[in-house]
Amino acid sequence: MQQQIQSMMERALSEVAQATDPDALEETRIEYLGRKGKLTSLLRGLGSMDAAERPAAGQALNRAKEAVKVAVDERVTSLLSAQDDAPLTIDLTLPGRASRPGSLHVLPQIIEEICEIFHGMGYSRAVGPEVELDEFNFAKLNFPDDHPSRDLQDTFYVNDAVVMRTQTSPVQLRYMQEHEPPLAIVSPGRVYRHEQIDASHAAEFYQIEGLFVDHDVSLADLKSTIHAFIHALFGEDKKLRFRPHFFPFTEPSVEVDLWWESDRKSGWLEIMGAGMVHPHVFANAGYDPDRYTGFAFGMGIDRIAMVRHGIPDIRLLYENDLRFLRQF
Ligand code: PHE
């Protein structure tokens with residue numbers, strides 16, 4: 001037994017001495033001293049030995065393990081310091097690579113700005129899912145079954161009952177189902193339409209929905225709110241035009257145009273749809289349409305960002321080209 005211990009220790013010590021890097025050394029350490037290591041398993045052999053020889057063998061084994069352990073520790077230290085002394089393979093005089101601080105994309109920048117303005121008017125912020133039930137995107141918003149925007153040509157269907165929302169208006173219903181009036185919310189987010197993509201049409205873009213519900217709300221409240229908002233965003237001198245329009249979920253409905261002048265052109269620019277919440281929508285949300293009145297509006301955020309910054313093509317907003325994005 002003594003001899004076995006002695007020769008095992010010598011083998012271990014010579015392997016330790018030959019290890020050329022810390023990883024190999026660690027393997028050697030585990031091979032001999034690990035829980036199932038070669039020296040460790042000799043310990044188990046002690047049980048079957050003569051009681052008279054056992055103490056001496058046990059002591060020899062402990063000394064061997066200790067010797068190997070000390071050798072491993074010394075070798076680690078010398079390998080690591082050799083690594084430290086190795087000639088540098090990098091050039092410390094090269095200039096560093098500056099890390100630029102990131103910034104918000106121009107769309108979330110505008111979204112924050114818009115929400116902040118409405119926050120100042122007492123509106124809170126709501127969110128809704130982008131993968132939406134047909135029921136909320138269309139049916140409960142008073143769209144008839146054969147409405148053209150339900151067409152496969154215009155809407156991305158997930159299945160018969162589920163669509164990629166084509167507008168943020170379903171958030172109106174989801175919010176009203178969970179809350180009692182009076183309420184004032186804005187809800188920004190992505191919407192999806194099966195568009196022919198060009199400089200002013202993308203298949204995904206952003207809208208922000210607004211909803212205000214209380215007693216005795218009138219179209220005059222809608223107009224003054226939109227005026228206050230546009231003046232806060234673009235300046236007091238900005239002119240708006242409200243044109244009669246149709247949406248299934250508001251009655252009466254309007255489209256709002258902003259007079260815009262730039263170096264390239266000037267004219268009325270359509271910026272949002274709006275109107276008085278249709279009584280059917282109130283009923284579908286569980287509100288009594290005889291008790292409550294309200295207005296809603298839905299605005300294209302991309303359009304707002306584009307006129308604000310003179311961006312000529314909506315696709316620039318989605319290409320993630322840093323040369324473009326770093327300008328904002
Ligand atoms: N959801 C309408 C659209 O996408 C806009 C709108 C919102 C109109 C709210 C009226 C009220 O065109």
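Atoms within each ligand, like the ligands themselves, are counted from 1 in listed order.
Within the listing of ligand 1, atoms 1 (N), 7 (C) sit less than 4.0 angstrom from a heavy atom of Ser169. Taking a cut-off of under 4.0 Å to the non-hydrogen atoms of Gln207, the atoms of ligand 1 that pass are 3 (C), 4 (O). Short contacts between ligand 1 and Phe297, defined as distances under 4.0 Å to a heavy atom of the residue, involve ligand atoms 7 (C), 9 (C), 11 (C). Remark: ligand 1 atoms within the under-4.0 Å shell around heavy atoms of Ala296 are 9 (C), 11 (C).
Below 3.5 Å of separation, one finds an N or O of Gln167 facing an N or O of ligand 1. The N/O atoms of Thr250, backbone and side chain alike, include none that comes under 3.5 Å of an N/O atom in ligand 1.
Ring orientation note: the planes of Phe297 and Phe118 are close to parallel, at an angle under 30° on the 30°/60° scale. Ring-plane geometry between Phe143 and His147 is classed as perpendicular, the angle between the planes exceeding 60 degrees on a 0 to 90 degree scale with a lower cut at 30.
Not a single heavy atom of Met299 sits less than 4.0 Å from an atom of ligand 1. Taking a 4.0 Å cut-off on heavy atoms, Phe249 registers as neighbouring ligand 1.
Between the side chains of Gln167 and Gln207, no donor N or O sits under 3.5 Å from an acceptor N or O. In this model, no donor atom of one side chain and acceptor atom of the other lie less than 3.5 Å apart for Gln109 and Glu113.
Annotation for His227: atom NE2 counts as buried by contact number, over 12 foreign heavy atoms lying within 6.0 Å.
Taking each of Gln172, Glu270, Arg193, Arg165 in turn, the one with a heavy atom nearest to atom 3 (C) of ligand 1 proves to be Arg193. When the heavy-atom distances from atom 7 (C) of ligand 1 to Pro248, Gly298, Ala274, Gly275 are ranked, the shortest goes to Gly298.
Between Tyr292 and Tyr287, the ring centre distance stays below 6.0 Å. In this structure, the ring of His309 has its center less than 6.0 angstrom from the ring center of Phe328. A ring-centre distance under 6.0 Å is not found for Phe249 and His278.
Closest to atom 12 (O) of ligand 1 among all protein heavy atoms lies Phe247 CE2, 3.7 Å.
With a 4.0 Å cut-off on non-hydrogen atoms, Met272 does not touch ligand 1 at all.
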